[in-house]
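I have placed the structure first, in the form of structure tokens, so that the comments after it can refer back to it.
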Number of protein chains: 2
Amino acid sequence: MTNETFANIDSGRGDGARPRPLAETVLRLIWRESEISRAEIARSHGIARSTVSEIVGTLLPTGLVAEVGVGPSGGGRRPIVLQFQDHACVILGVEIGATHLAVALTDLRGRVLAWEHRNHAVRSDPDGTRALLVELCDACLATRPHGAQPLIGIGVAFPSPVDPHHPDQVSDLVLPAWQGRTGLEILRQRYGAPLMLDNDANLGALAEGWWGAGRGVDDFAYVKVATGVGSGHVIGGKIYRGATGVAGEIGHLAIDPHGGPCVCGLRGCLATLVGAPALVARALALRSEYPQSVLARAEPSIESIEDAALAGDALALQIAREAAENLGIAVAGMLNLMNPALVILGGGLARLGDVLLEPLRETVRRRTLVSSVAVSEIRTSELGPQSIAVGAATLILQAALADSSLFHSALSSVEAP
Amino acid sequence: MTNETFANIDSGRGDGARPRPLAETVLRLIWRESEISRAEIARSHGIARSTVSEIVGTLLPTGLVAEVGVGPSGGGRRPIVLQFQDHACVILGVEIGATHLAVALTDLRGRVLAWEHRNHAVRSDPDGTRALLVELCDACLATRPHGAQPLIGIGVAFPSPVDPHHPDQVSDLVLPAWQGRTGLEILRQRYGAPLMLDNDANLGALAEGWWGAGRGVDDFAYVKVATGVGSGHVIGGKIYRGATGVAGEIGHLAIDPHGGPCVCGLRGCLATLVGAPALVARALALRSEYPQSVLARAEPSIESIEDAALAGDALALQIAREAAENLGIAVAGMLNLMNPALVILGGGLARLGDVLLEPLRETVRRRTLVSSVAVSEIRTSELGPQSIAVGAATLILQAALADSSLFHSALSSVEAP
DNA sequence: CATACTTTGATCGCGGATCGAACAAAGTCC
DNA sequence: GGACTTTGTTCGATCCGCGATCAAAGTATG
């Protein structure tokens, strides 16, 4: 119930006073456009020029917006160009994986200013994880020149479902050694900044939506195919978490009820068919039929299968086709249920590009009822291994742009004297 | 692009002036509570008592709210009880099925004041459908005493996906004779009230959420199992339509990729396994193994199968168990993907109650990964055959409570002289 | 090059919405 | 019966956003 540590829950609806509602709108617009004049703000939002002038007057002293020269004339006085100051604040994005940690320090445009990562036995060593986390965060923050830019928040990606109403709880099934608690309040205490937590696939989706393949798309799904298979869903520009925060388990969609058992206790899950272990096992099983394949010689790994498929190896292509078929069944089901405008394929298997996408698209086309569903695009991820940590930082940025008091509290703590 | 006929698109965000933002909030609260005092409104929303007084002062003359006596004292002056006037306006809810029409006239609390329905060849006769629709609407409206209550809007349930951005378009696949157009603007013209359109499963879900098994639940799914199988999803209290309005096609989730072909062109869809024709076919196939079954004697129908299952017939129970198993696979997949707090089972098959629910729950339990998913409740619909028409009316009510200008324009058209 | 028109941005007064303080009305508790 | 409580109203004070107006700084045009 008490939720002092995490700012996850949308508490900004009807609680406090909302001074200058339009100020938020204007700030968001300046962020979105990066550079814009007062008159253009007024035009594009139907606000009076006088109001815009006044609001900008309150925005300038915060340092979030600055006047940078004049723009071209449109037949009259030349406009003063306002520019959002992407470097006014910084954000920490933390990725906690099953076996590694990564921390990104970003500016307000999602650019990575500092990057630290380390392999670690996260599953079995929660205390060590937290200590290492502090170390990596310190290292990232130390790169700031003279501590000029204040930290507005810390976003954390966690490798298990996160209940938005109880963000500090951890599923005992996924990380039993953590004893049901993240224990991340030390981060908030140490850095004095709000903390927000979410599932890793959700944050990968968020990052793609803000900076990658999903830019400008309001409803899309991000499917991560690696060792495991998971998905994050952005609906109306916001992460959809479901009633208890566990939405997006596409990996455990049943593809074949007569299929093999999954670690989760079910049968024929997508994860048992297209996860990395499944593809390796499939390579071993098919090896005798493809004696000339490079995979027939040495012990195959998921990387070697991917490399071989990209090189045109017949066995690897067969495996990719099969994976695409199974993935396509699940994606088609997801399209029928959730109807996103776009599906972004992430994780290691996305390396295959069109080798995977072409048969996948074909399967989806054959398996979706309504024509408008079939027009959903399927693309691969644009962001690299930093996507999840950047997504964690984006969680904070999104919150700050929705409620600029986060910016102001960070800035005032610096400018107070 | 032009969208004069349908009010479907949320156009009430940032366009026009919003006089008295709190007035909307107060009106919604009074509606929700039915009876409440000014002081309690102020307390529960943190609004100043003076503001509430002033707002209520503007609400009383509209007739939507009235003072009805005094409440019990809490140690001081007794409060004046304000009551929302459920009968101040009426709403028309129209259900267009594949083979029938139904019209409900409701008050502002979802109560059905008049009800007309008729079988009709909707698929093949769009013109006759529209004419009959007008007839039924007229009959419902004529029951009003002296035309006292103004009509605030007409909601329409349509048996095909509805794109929220192009509500007048109809899928050629489902209703080819309609030539891609609903042609329902005649309703708006005849009755001079805003028109809103949505898919039938979505509106069944909405009705259950406002008046039935989903009361008070913000995220739930409604699965309708009848001749066809479809689903509607309420997310955050609002209907989720997806990027192009076709979300919720659970009937075409692939259960068995090696299964029989579906009308939609896919294989092994849920609809081919638990739709009414599939169950009848299954009864015929299994008849020889159950010679003592009542279904072995006469030609089975879906109603007779349901009746037999409720009577404990072994063959019918076997069919129900199989249907529950297949339905459970699809529902489990939907839970994994969308994580609703509740699943409401509607349509004819819901008559079976626990006969269907028990094995269904068991299958879902076995097929959902995370414990918190498994706690999702599964219940049967509470509303009868009127649910979809009532849901259509609820669409209008929801819009009016979100933007009370709908109430006022209806009321002023009466009170003008 | 002077003049007319355009566009931008600032200033000022107005109106609406909400709040807090003060007050009357109506009860409860001792 | 007197002190305290609660409700609802009234009355400035404040804040936000708007329109009108004006100065500044351009462009188009003769």
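Each chain gets a letter, A, B and so on, in the order its sequence line appears, and its residues count up from 1. Note that the structure is a prediction, hence the values are computed from the model and not measured.
Ion pairing between A:Glu40 and A:Arg49 fails under the 4.0 Å rule for side-chain N and carboxylate O. Between B:Asp163 and B:Arg241, no side-chain nitrogen of the basic residue sits less than 4.0 Å from a carboxylate oxygen of the acidic one, so the salt-bridge criterion is not met. Under a 4.0 Å N-O distance rule, the pair A:Arg215/A:Glu208 does not qualify as a salt bridge.
In this model, no side-chain donor or acceptor of A:Ser53 finds a partner on the base of C:dG9 within 3.5 Å. Residue side chain A:Arg49 reaches the base of C:dG9 through a donor-acceptor N/O pair under 3.5 Å, judged by distance alone. A donor and an acceptor atom never sit less than 3.5 Å apart when one is taken from the side chain of A:Arg77 and the other from the base of C:dT7.
Comparing D:dC16, C:dG20, D:dG19 by their closest approach to the side chain of A:Ala48 singles out D:dG19. Residue B:Ile80 places its side chain closer to D:dG8 than to any other of C:dG9, D:dG8, D:dC11. For B:Arg20, the listed nucleotide lying nearest its side chain is C:dA17; candidates were C:dA21, D:dA20, C:dA17. The side chain of B:Ser37 lies closest to D:dG8, out of C:dT11, D:dG8, C:dC19.
The distance from atom CD1 of A:Ile41 to atom C1' of C:dT7 is 16 Å, rounded to the nearest whole Å. For the pair A:Ile47 CD1 and C:dG9 P, the computed distance is 14 Å after rounding to whole Å. In this structure, A:Leu59 places its CG atom 13 Å from P of D:dC16, rounding to the nearest Å.
Mapped onto DNA chain D by nearest heavy atom, A:Thr51 and A:Arg78 fall at different nucleotides, with A:Thr51 at the one closer to the 5' end. Comparing A:Gly76 and A:Glu54 by the nucleotide of DNA chain D that holds the closest heavy atom to each, the one mapping nearer the 5' end is A:Glu54.
Two residues are said to be in side-chain contact when any heavy atoms from C-beta on lie closer than 4.5 Å; A:Leu64 and A:Gln85 fail this criterion.
Counting any heavy atom pair closer than 4.0 Å across all strands shown, B:Gly74 reaches sugar-phosphate atoms only and no base atom. Residue B:Ser73 is classed as a sugar-phosphate contact, given heavy-atom separations below 4.0 Å to backbone atoms only.
For the helix from C:dC1-D:dG30 to C:dC30-D:dG1, the axis fitted to the five pairs at one end and the axis fitted to the five pairs at the other end meet at an angle of 10° (nearest 10 degrees).
The phosphate of D:dT6 has neither OP1 nor OP2 within less than 4.0 Å of any side-chain N or O from B:Arg38.
Nearest heavy-atom pair, A:Ile154 versus A:Ala193, reported as atom, atom and distance to 0.1 Å: CG1-CB, 4.5 Å.
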Give the table of side-chain donor-acceptor pairs shorter than 3.5 Å for residues 52-59 of chain A, with sequence neighbours excluded, one pair per line with atom names and distance.
{"from": "A:Glu54", "atom 1": "OE2", "to": "A:Arg20", "atom 2": "NH2", "distance (Å)": "2.7"}
{"from": "A:Thr58", "atom 1": "OG1", "to": "A:Ile55", "atom 2": "O", "distance (Å)": "2.6"}

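Both the sub-6.0 Å distance and the 45° axial angle are not jointly satisfied by A:Arg109 relative to the ring of A:Trp210.
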